[in-house]
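Report on the following structure.
FYI, side chains are in, hydrogens and waters are out, and symmetry mates aren't considered; it's all heavy atoms of this structure. In what follows, chains are A, B, ... by sequence order, proteins preceding strands, each numbered from 1.
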2 protein chains.
Amino acid sequence: MPDASPSKMMTIGEVARIAGLPTKTVRYYADIGLVAPEGRSATGYRLYDAAALRRLVFIRRARAFGFSIEECRELLLLYDDQQRSSADVKRLASAHVAALDRQMQELSALRDELAHLVASCHGDGRPDCPILSGLAGSSPNASPGASIGENDQGA
Amino acid sequence: MPDASPSKMMTIGEVARIAGLPTKTVRYYADIGLVAPEGRSATGYRLYDAAALRRLVFIRRARAFGFSIEECRELLLLYDDQQRSSADVKRLASAHVAALDRQMQELSALRDELAHLVASCHGDGRPDCPILSGLAGSSPNASPGASIGENDQGA
DNA sequence: GCTTGACCTTCCCCCAACTGGAACCAGTAT
DNA sequence: ATACTGGTTCCAGTTGGGGGAAGGTCAAGC
């Protein structure tokens, strides 16, 4: 195997700059075991190789897609696993799309109800305001984003 | 004024149950000075009256609409202020609707890009997966939710 | 050799908005 | 007296890092 080239090592600042992440974040990912550096220099500096850089970019992009750190961890396992089937990945990603859909639906309902209150407010110098009345509960609909409020109140 | 009736006092559990909030949350709101109890019993119990209950309900609903605690604080000031103009309230609420719109737009863009990746994945037992490739960066579009990723990386 | 400045290390505290738990009182029923 | 429920305090943890202090390192310039 001619693959004995040690692939240029980078310090944390270097790899962070290239990956497009704050240095603090790269250090954090190392702390939580998401992307470990290839090793340490004699003086304790974290040293990253090209493979680690790829993982960091992967995570930055997955995070930008709204995946949580734990989901990223799972995606990285699949990313590293040469035996994984694309069905596993598709299942995870599909679930995430569904979650985004749910989130958008909730936001949309909220937005429309609030916009309705805003539209019903004359918005001049007079003190009476349908928005505040609506929030106070004298409005027809009693609880807007029920799935967000989720008040179990301990019981 | 015949309004000398001391309006039945409630313990924290009672008022929390009626307001539809967890007891812990009501105590938290008292701690951060959002809704102070009317007073304390001789033995130190927080005691709430009907006015405090109304404020708690108001906050629960405003929170369900996605207002932050600080926004709730501001809304409460307006709610309490008999001199405020409805224009102030409308401005705050309109800004919140706009924020919700922005948030939904970002989510929508994310959702569509991810759904596109999912659609392009055959999802069978084979290991090659366009979703992972897309996340790794070999995909045409380099950075999905640019406004969410916002990587300044310190510098 | 010495200094300067950029970069690295660890450590701890901070953010929102709570939630859970421990240890300890208060009030009521049996 | 005891059991049970519900109140009180404080402390720690959650997500995903950010800010900054105190101190070690590295390359360049004089």
DNA chain C: 5'-proximal contact among A:D31 and B:Y28 (nearest heavy atom): A:D31
With DNA chain C as reference, determine whether B:I69 or A:L47 sits nearer its 5' end, using the nearest nucleotide of each.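 Going by which nucleotide is closer to the 5' end, it is A:L47.
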Identify whether the distance between the nearest side-chain nitrogen and carboxylate oxygen of B:E14 and B:R46 falls below 4.0 Å.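 Not counted as a salt bridge, because no side-chain N and carboxylate O are separated by less than 4.0 Å.
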Assess whether one donor atom and one acceptor atom, taken from the side chain of B:K24 and the base of C:dG21, lie less than 3.5 Å apart. yes
For the hydrophobic clusters of this structure (ILVMFWY residues joined by side-chain heavy atoms under 4.5 Å, transitively), does one cluster hold both A:L78 and A:F58? yes
Do A:I69 and B:L114 land in one hydrophobic cluster if side-chain heavy atoms of ILVMFWY residues count as linked below 4.5 Å?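 Linked within one cluster.
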Rounded distance in Å - [atom1] ([X]) to [atom2] ([N]):
X     : N      : atom1 : atom2 : value
A:Y48 : C:dT9  : OH    : C1'   : 12 Å
A:M9  : C:dC8  : CE    : C1'   : 17 Å
B:I32 : C:dA16 : CD1   : P     : 9 Å
A:I59 : D:dG17 : CD1   : P     : 10 Å
A:L34 : D:dT15 : CG    : C1'   : 13 Å
B:R17 : D:dG6  : CZ    : C1'   : 12 Å

Think [X] has a side-chain N or O under 4.0 angstrom from the OP1 or OP2 of [N]?
X     : N      : value
B:T11 : D:dG7  : yes
A:R46 : C:dT10 : yes
A:T25 : D:dG16 : no
B:Y29 : C:dA17 : no

Describe the nucleic acid contact of [X] in one word from base, sugar-phosphate, nothing, applying a heavy-atom distance below 4.0 Å.
X     : result
A:S68 : sugar-phosphate
A:I12 : sugar-phosphate
A:R27 : base

Nucleotide of [options] approaching [X] most closely (side-chain heavy atoms):
X     : options                : value
A:T43 : C:dC8, D:dG17, D:dT25  : D:dT25
A:R40 : C:dT9, D:dG18, C:dA17  : C:dT9
B:Y45 : D:dG17, C:dA26, C:dC18 : C:dA26

Are B:H96 and B:F67, when compared by the centres of their aromatic rings, separated by less than 6.0 Å? yes
State the CG-OG distance between A:L47 and A:S41, to the nearest 0.5 angstrom.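 Reported value, rounded in 0.5 Å steps: 5.0 Å.
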